[in-house]
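Here the structure comes first, spelled out in structure tokens, and everything after it is commentary.
Values below: all heavy atoms of this structure, side chains included; hydrogens, waters and symmetry mates excluded. Residue numbers start at 1 and run along the sequence shown.
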Amino acid sequence: MWHGDERQQLEESRSRFLDLNDEQFNAMTERDFFNDYFPLRSRHFNADEYVLPSDTDPEALERLNDYIRSFYDPKFMRDEHTHKGAGYTDLYMAMQHFSDDDAFYIDRNMCRKKWEKMFGRENYPQWNCFVNPASHFVYFQFDRVGEFDERGCRRDFWALEKVKAYLTCREEVSLEGFLDLVRYLADNCQDAFGAKIARNRRIDHLCFWLSVRDFALLEKYVAARADRFVRSMPFVPYIGKIGITLELGVTPGSYNEALSLVLFAYVNSVRSREEMNVRDMFTRLLRMRDPYDRCAFPDWNGSFKEGTGDAGAKILLLESADLLLRNKDPDRKCFMFRAAGMYNKEWVTVLRAYKWHKVKTDYRSQLR
């Protein structure tokens, strides 16, 4: 528990860790490190099983259990002998209600020129705007002028400093409505941000990457138009009508992709729909120590080589489940806002370390 000036407490904690000599550092267990020295707190770091939050809402628990069981379907299962059949992408697309139908049509070259002019330096002298009208989405990235020495130097990990927000429109998705929101953010944001609209039909068709302090702008915009948006993703925590998560930065690059990988492995590791539940699925995930570890999912006819066994993906999935089970809108003290804000250095260390045992060593190297 932090007291007084939280930032000062954070710096003192980092210094206390750096003051350890080699003998003290090497003698420290992983559990001691996460409990006593790592400032970004989660009850799931180095845990062996998933324990439901003490304030779990029974109805919320049953909703999540029902959602998990809904994927116990032959179309998401591999043949146990040939290891052929469905892939996790089949489950991912079903989870996202993905369709090959276009939500809207654009001339990519023409629109790129139009939007680069719309959000160019003449109208927005404070921003460098990068526009990517790709085949499946349209993406905008706004960087503060002078923030980088060269264009795109932090692109690989740019989104790891942001809260990722999902929006789902109640009616047909509108490109003009999306552009109106982008203009609003460009007019008001203090920090670099990103915005994306899917060109295919899917429930998470609007995504935004915002700093913690700029997130309030999105809240204000959506609250004034709350009837236009809906909560559409059962396994994503929401603040009002805004789904919140973090970017993972590696494959899986998104929270929803990580969730689909775990669900797919779980569906292919149980014998009946009735035995499926949140606690069992996440306990299995915690007990998986590396991407190729099959002891937690003994009947899984594949591997987690895509990265779902990584520490960052595990923690994000588990912290999100905690929020959903409490059935309360998250506040600014929740894991996502801490990881994207003051404790971002710690969060990025977890993501880059991949495994529990590497976090301690990598954190020390980063602070030095």
Side-chain angles (χ1 to χ4, degrees), residues 42-78 80 85-88 90-97 203 231-238 243-245 252 254-289 291 293-304 306-330 334-336:
S42 171
R43 69 191 186 96
H44 305 297
F45 279 129
N46 211 41
D48 294 319
E49 65 176 320
Y50 182 70
V51 178
L52 298 177
S54 59
D55 53 349
T56 291
D57 179 271
E59 293 184 4
L61 174 60
E62 196 53 39
R63 281 197 299 271
L64 286 191
N65 285 340
D66 287 343
Y67 182 70
I68 289 172
R69 292 165 188 151
S70 71
F71 293 100
Y72 191 80
D73 189 299
K75 63 186 177 185
F76 303 128
M77 297 179 186
R78 286 184 173 181
E80 62 179 329
Y88 88 90
D90 298 301
L91 190 149
Y92 173 80
M93 289 192 289
M95 188 175 75
Q96 301 305 99
H97 295 217
I203 56 175
R231 295 187 178 202
S232 62
M233 292 177 279
F235 236 102
V236 172
Y238 277 82
I244 64 164
T245 188
S254 73
Y255 170 80
N256 285 323
E257 186 181 2
L259 176 61
S260 67
L261 279 161
V262 176
L263 280 171
F264 184 62
Y266 190 46
V267 164
N268 283 275
S269 298
V270 295
R271 297 301 184 185
S272 70
R273 185 192 310 270
E274 289 69 30
E275 70 180 90
M276 299 176 71
N277 61 77
V278 173
R279 186 176 183 277
D280 180 54
M281 183 176 77
F282 284 139
T283 292
R284 290 174 183 239
L285 180 64
L286 278 169
R287 290 176 179 172
M288 187 177 65
R289 289 300 177 184
D293 185 356
R294 294 181 56 156
C295 67
F297 296 88
D299 303 314
W300 166 226
N301 300 313
S303 77
F304 281 91
E306 292 86 356
T308 309
D310 295 343
K314 285 182 180 179
I315 292 301
L316 184 57
L317 287 165
L318 297 165
E319 288 288 338
S320 299
D322 284 358
L323 293 173
L324 291 163
L325 289 169
R326 294 188 177 104
N327 202 23
K328 298 175 182 177
D329 281 11
C334 78
F335 185 87
M336 289 76 166

Nearest non-hydrogen partners of [X] and [Y], listed with the distance:
| X | Y | value |
| --- | --- | --- |
| Arg69 | Met276 | NE-O, 2.8 Å |
| Val236 | Tyr255 | CG2-CE2, 3.8 Å |
| Arg273 | Ser70 | NH1-CA, 4.2 Å |
| Asp73 | Met77 | O-CG, 3.4 Å |
| Ala60 | Asn327 | CB-CB, 4.0 Å |

Derivation of the side chain to side chain contact (heavy atoms under 4.5 Å, CB included) call for Leu286 and Leu318 = CA-CA 9 Å; Leu286 278 169; Leu318 297 165; 3.5 Å; yes
Below 4.5 Å, heavy atoms only, C-beta onward: do [X] and [Y] meet side chain to side chain?
| X | Y | result |
| --- | --- | --- |
| His44 | Lys314 | no |
| Met336 | Pro237 | yes |
| Leu263 | Ile68 | yes |
| Lys75 | Asp90 | no |
| Tyr67 | Met233 | no |
| Cys334 | Leu323 | yes |

Hey, could you give me the [atom1]/[atom2] distance between [X] and [Y], rounded to the nearest 0.5 Å?
| X | Y | atom1 | atom2 | answer |
| --- | --- | --- | --- | --- |
| Glu319 | Ser42 | CD | OG | 3.5 Å |
| Asn256 | Leu317 | CG | CG | 9.5 Å |
| Phe335 | Ile315 | CZ | CD1 | 6.0 Å |
| Phe71 | Asn268 | CZ | CG | 13.0 Å |
| Asp57 | Arg326 | CG | CZ | 12.0 Å |

Under 3.5 Å, side chain of [X] to main-chain N/O of [Y], donor-acceptor pair present?
| X | Y | result |
| --- | --- | --- |
| Arg287 | Glu49 | no |
| Arg43 | Val51 | yes |
| Thr283 | Asp280 | no |
| Asp55 | Leu325 | no |

Contacts of Tyr72 meeting ring pair (Phe, Tyr, Trp, His ring centres under 6.0 Å) (sequence neighbours excluded), chain-then-number -> none
Sequence-distant partners of Tyr238, ring pair (Phe, Tyr, Trp, His ring centres under 6.0 Å), two or more places apart = none
Please step through side chain to side chain contact (heavy atoms under 4.5 Å, CB included) for the pair Leu64 and Met281, ending with a clear verdict.
-> CA-CA 11 Å; Leu64 286 191; Met281 183 176 77; over 6 Å; no
In terms of the angle between their ring planes, are Phe282 and Tyr50 parallel, tilted or perpendicular, with boundaries placed at 30° and 60°?
-> perpendicular
Tell me, yes or no, whether the heavy-atom count around Glu59 atom CD, taken from other residues, nucleotides or ligands under 6.0 Å, exceeds 12.
-> no
What residues, two or more places apart in sequence or in another chain, satisfy side-chain hydrogen bond (donor to acceptor under 3.5 Å, both in side chains) together with Asn65?
-> none
Please confirm whether Arg63 makes a cation-pi placement over Phe235, using NZ or CZ under 6.0 Å from the six-membered ring centre and within 45° of the ring normal.
-> no
